[in-house]
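Both ligands and their constituent atoms are indexed starting at 1 by order of listing. Throughout, residue positions are numbered sequentially from 1 according to the sequence presented.
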Amino acid sequence: MLWTLTMHAHDAASERPILNDPYAAELLARVDDPPDLGLSLGGNTPLICARAKLIDDIARGWLARHDEAVVLHLGCGLDSRVLRLDPGPGVQWFDVDQEPVIDLRRRLYPELRTAVAADVTDPASFDLFPADLPRLVLAEGLLMYLDPAGVDATVHGAMTRGSTLVADTVAPWVTWVAGLQPAMRAADTGFASSTADLARVAPRLVDELSLVDATATRTGGRTSTAVRLFALVPHARNAMVLQTYERA
Ligand SMILES: C[S@@+](CC[C@H](N)C(=O)[O-])C[C@H]1O[C@@H](n2cnc3c(N)ncnc32)[C@H](O)[C@@H]1O
């Protein structure tokens, strides 16, 4: 979560911001020992910010159609989405993450009353949220860290009837390659599931966007050329996708 926060801050300070998160830099300045992304992680900044921007846009569109609703922002980390989108008074927004993250989030965003500590893979966690309103579930940079059983439990727990899920997932080969990433290894983390695991348990797929394409179109110069060339490699365009699912 500190990696993505740092990427949001770098993006906002860049000449051509993609997300332009107005909160990340100030938040990061209050974190002791912020991470050094290095070349390899830092290179993911446009991809991560294109992902966040697309999710913001989809959520904004959904909120425009739902005055009274519930939003579950699962695995929210330190992301400022609720401030960026500023939902109306009829929207109950919940920022959900693991307890240590929520403790930190409450210290960094003392004015927000949206944070809830819960394990998304525990079905009982979802008893905390109203189930009688249209529901939007956002899972950004979360599902790939869960194993297939965790993805199953999260999707089934979060998705009430009539709900919409917007989540990014990675191709099976990315799950494997991520395990070789030095920064991932140093942080003792890695991916544990893929798009195939989500597709197996999720309801009706209504939209899919390639985050590789989204990065190519939102960057310029050498970065865009490099991403466009990468997209020509077989299976590369679907390395990371943003999917929208609906439950009837
Ligand atoms: C890569 S971070 C992404 C954070 C944020 N969505 C963003 O894009 O900046 C993944 C987040 O998922 C949270 N997470 C992982 N497993 C979880 C679980 N079982 N229950 C709740 N949150 C979880 C982590 O604590 C972390 O904050």
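Between the choices E140, M144, H73, Q98, the shortest heavy-atom distance to atom 8 (O) of ligand 1 belongs to E140. Considering only non-hydrogen atoms, atom 13 (C) of ligand 1 lies nearest to D97 out of D97, V96, T4.
Summary of contacts: the protein heavy atom closest to atom 1 (C) of ligand 1 is G141 O, 3.4 Å. Of the protein's non-hydrogen atoms, the one nearest atom 21 (C) of ligand 1 is A118 O, 3.4 Å. Closest protein heavy atom to atom 20 (N) of ligand 1: V120 N, 3.0 Å. Of the protein's non-hydrogen atoms, L142 CD1, 3.5 Å is the one closest to atom 12 (O) of ligand 1. Here the heavy atom of the protein found nearest to atom 4 (C) of ligand 1 is G75 O, 3.3 Å.
Here the side chain of R135 pairs a donor or acceptor atom with the backbone of P130 at under 3.5 angstrom.
Pairs passing the side-chain hydrogen bond (donor to acceptor under 3.5 Å, both in side chains) check and including a residue from residues 224-241, sequence neighbours excluded, read D213-R237, S224-R228.
Each of the atoms 25 (O) of ligand 1 lies under 4.0 Å from some heavy atom of V101. Close approach to D119 involves these atoms of ligand 1, each under 4.0 Å from a residue heavy atom: 18 (C), 19 (N), 20 (N).
Residues A192 and Y145 share a closest heavy-atom pair of CB-O, 4.1 Å.
Using a 4.0 Å cutoff on heavy atoms, L78 does not count as a contact of ligand 1.
Contact annotation for W3 and ligand 1: no heavy atom of the residue comes within less than 4.0 Å of the ligand.
V241 and L142 fall into different hydrophobic clusters, where Ile, Leu, Val, Met, Phe, Trp and Tyr residues are linked whenever their side-chain heavy atoms come under 4.5 Å apart, directly or through other members.
If you check the side chains of E111 and Y109, you find no donor sitting under 3.5 Å from an acceptor.
Applying the side chain to side chain donor-acceptor pair (under 3.5 Å) test between T195 and each of D168, T175, T169 identifies T169 as the sole match. With R105 as the partner, the side-chain contact (heavy atoms from CB on, under 4.5 Å) test is satisfied by one option alone out of P100, P110, C76: C76.
If you take NE2 on H8 and CG on L78, they are separated by 10.5 Å, rounding to the nearest 0.5 Å.
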